[in-house]
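Contents: one structure, followed by commentary.
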Amino acid sequence: MTPPKAKVLSGGAIQPAVDALLSGDVIGMPTETVYGLAGNAFDPSAVTKIFAAKARPSFDPLIVHVPTTLNSAQSLSAARILDGSRISPDMAKIINKLAEAFWPGPLTMILPKHADIPDLVTSGLDRVGVRMPSHPLAQKLLTECGRPLAAPSANRFGRISPTTAEHVMDELGDRIPFIVDGGSCEVGVESTVIAVDEDRIWLLRPGKIGMNELAACVNVPVVRAPSVHEKASPGMLASHYAPKKPMLLIQDWNQLPATIKGKSIDLLVTAGDGSKELQVLKTKAIVPGRTAFLSIGSNPKEAAQKLFAAMRDLDSSSSDLILATSVPSTDGLWLAIEDRMRRASTPP
Ligand code: TXA
Ligand code: MG
């Protein structure tokens, strides 16, 4: 028996997805970062379906997506998403400044959770991740459902995040009724995740919105949370976003690991035209099966957009492993690209 295939809803015809969400089902939703697997955030049984479809461990909390009307600490509290009694005036000021500067857009803020948000959503934590996506179809779904939508990336746990409706079909097509097709994701890597305290901001996951941009918006320090810090996202597991075959992130092309001997390889060129790396491989009589170029002009926006699709493509080839070049800098979006590539790769 062939498993049932999700129906792809194109051209903005989202009504069947809205009906499914209101009846407690989960669906594929486009956002500007990656596709999400969405369900009614106030419905514990819908949230359970999200964890089940992804095979996601229950200790890894979900982000709650909100419509553009909920653009302040006050409105999020009134909507029973945040617990206003645990938000001081100073903290509210920071939240509102960040919301004004970066929402709708790829920023998730971890904030004191209202009791009405099921503990399942936050894996028992007393804070909830809130994000206002800018993709028009995500906003249309949120408005027409009239409910906040909990949504992790729409991949099976630990796998590469999807940036097209087709990727969602490959990952979860046998487990969900609908995928709303919103085209290729504009940003390509997941949102920046921060925890907001009243005297500082912790960067938990790098994304398009960088530390400098955040720091320029508020007058408290922005610090990177160490991965073992209590505030670190449980989702910051070392291995994540990973292809099925080994991917090796090569820092020094003059010292290729011995493990590649006799293996067939694909090449992922993160920035530039890869001429240096191809030359090294040539001296070792290695001809890559497939080569993917993320941005020949070394533009991080372009590289981020193409990253996950390229990893998926190389993963589907018959080669044994992927060799990837490292990022040219760790500024801005390159930091997010480097973070995802490091988690996707096999330790040397
Ligand atoms: O761009 C995105 O953020 C996408 C789209 C679909 O919105 N979503 C996404 O969700 O990437 P997910 O579940 O794949 O990643 C969410 C990250 C995880 O690392 C999770 O551990 C962290 O955010 N997170 C969520 N809620 C948290 C909380 N209450 N405390 C700490 N970390 C949290
Ligand atoms: Mg994810």
Side-chain angles (χ1 to χ4, degrees), residues 26-39 41 47 50-51 53-66 81-83 102-114 117-135 137-139 141-142 148-163 167-168 171-172 179-180 182 185-197 202-209 225 227 229-242 304 308 333 336 339-340 343-344:
V26 298
I27 59 115
M29 168 177 82
T31 85
E32 72 278 22
T33 56
V34 300
Y35 275 70
L37 174 63
V47 175
I50 295 175
F51 280 97
K54 277 193 67 133
R56 179 173 172 123
S58 59
F59 61 74
D60 195 1
L62 307 180
I63 294 173
V64 171
H65 296 70
V66 299
I81 294 168
L82 299 186
D83 178 358
F102 302 113
W103 277 1
L107 178 69
T108 298
M109 293 191 239
I110 311 285
L111 302 168
K113 154 191 158 342
H114 193 283
I117 293 286
D119 288 334
L120 270 173
V121 171
T122 60
S123 306
L125 299 171
D126 66 355
R127 287 184 166 221
V128 59
V130 184
R131 155 158 146 75
M132 184 189 286
S134 66
H135 195 294
L137 288 179
Q139 280 301 327
L141 283 164
L142 286 160
L149 296 173
S153 51
N155 48 282
R156 275 171 285 156
F157 184 69
R159 294 265 301 132
I160 305 166
S161 294
T163 54
H167 296 165
V168 182
E171 291 284 325
L172 301 167
I179 300 167
V180 175
C185 299
E186 189 192 320
V187 177
V189 293
E190 303 83 349
S191 60
T192 304
V193 178
I194 57 171
V196 178
D197 284 351
W202 300 91
L203 177 70
L204 304 188
R205 179 175 71 181
K208 181 178 179 213
I209 297 168
S227 57
H229 189 275
E230 50 163 331
K231 287 195 186 293
S233 292
M236 287 170 73
L237 296 171
S239 166
H240 224 76
Y241 317 102
F308 288 143
L333 197 45
D339 171 75
R340 305 312 187 273
R343 285 172 209 285

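One-based numbering, in listed order, for ligands and for the atoms of each.
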Which option, [options], owns the non-hydrogen atom nearest [atom]?
atom                    : options                       : answer
atom 23 (O) of ligand 1 : Asp60, Asp126, Leu111, Val193 : Val193
atom 25 (C) of ligand 1 : Pro61, Pro30, Pro106, Gly129  : Pro61
atom 9 (C) of ligand 1  : Cys185, Ser153, Pro162        : Ser153

(message) Against ligand 1, does Leu62 come closer than 4.0 Å with any heavy atom?
(response) yes
(request) Run the contact test for His65 against ligand 1 with a 4.0 Å cut-off on heavy atoms, strictly below, and give the result. (result) yes
(message) Let me confirm one number: the CD1-CD1 distance from Ile194 to Ile209, rounded to the nearest 0.5 Å.
(response) 8.5 Å
(request) To the nearest 0.5 Å, tell me how far His65 NE2 sits from Met29 CE. (result) 4.5 Å
(message) Contact between Asn155 and Phe308 at the side-chain level, heavy atoms closer than 4.5 Å - yes or no?
(response) no
(request) Could you tell me whether the side chain of Pro106 reaches within less than 4.5 Å of the side chain of Val189, counting heavy atoms only? (result) no
May I ask you to check whether [X] has an N/O atom sitting below 3.5 Å from an N/O atom of ligand 1?
X      : answer
Arg127 : yes
Thr31  : no
Glu190 : no

(message) Testing the 3.5 Å rule here: is there a donor-acceptor pair between the side chains of Arg131 and Thr33?
(response) yes
(request) Might you point out which heavy atoms bring Leu125 and Pro61 nearest each other, and give the distance in Å? (result) CD1-CG, 4.1 Å
(request) Would you check if the side chain of Arg127 reaches a backbone N or O of Met109 as a donor-acceptor pair within less than 3.5 Å? (result) no
(message) Tell me if the NZ atom of Lys113 is crowded by more than 12 foreign heavy atoms within 6.0 Å.
(response) yes
(request) Can you spot which of Arg159, Glu171, Lys54 makes a side-chain contact (heavy atoms from CB on, under 4.5 Å) with Ser153? (result) Lys54
Please work out whether any backbone atom (N, CA, C, O) or any side-chain heavy atom from C-beta onward of [X] is under 4.0 Å from ligand 1, and answer side chain, backbone, both or neither.
X      : result
Met29  : neither
Thr122 : neither
Lys113 : neither

Under a 4.0 angstrom heavy-atom cut-off, which atoms of ligand 1 come close to [X]?
X      : result
Ser191 : 1 (O), 2 (C), 3 (O)
Gly36  : 6 (C)
Thr33  : 1 (O), 2 (C), 4 (C), 5 (C)
Arg56  : 12 (P), 13 (O), 14 (O)

(message) Glu186: which residues meet the salt bridge (Lys or Arg N to Asp or Glu O under 4.0 Å) condition with it, sequence neighbours left out?
(response) none
(request) Give a yes or no on whether Ser153 keeps an N, O or S atom under 2.8 Å from the Mg ion (ligand 2). (result) yes
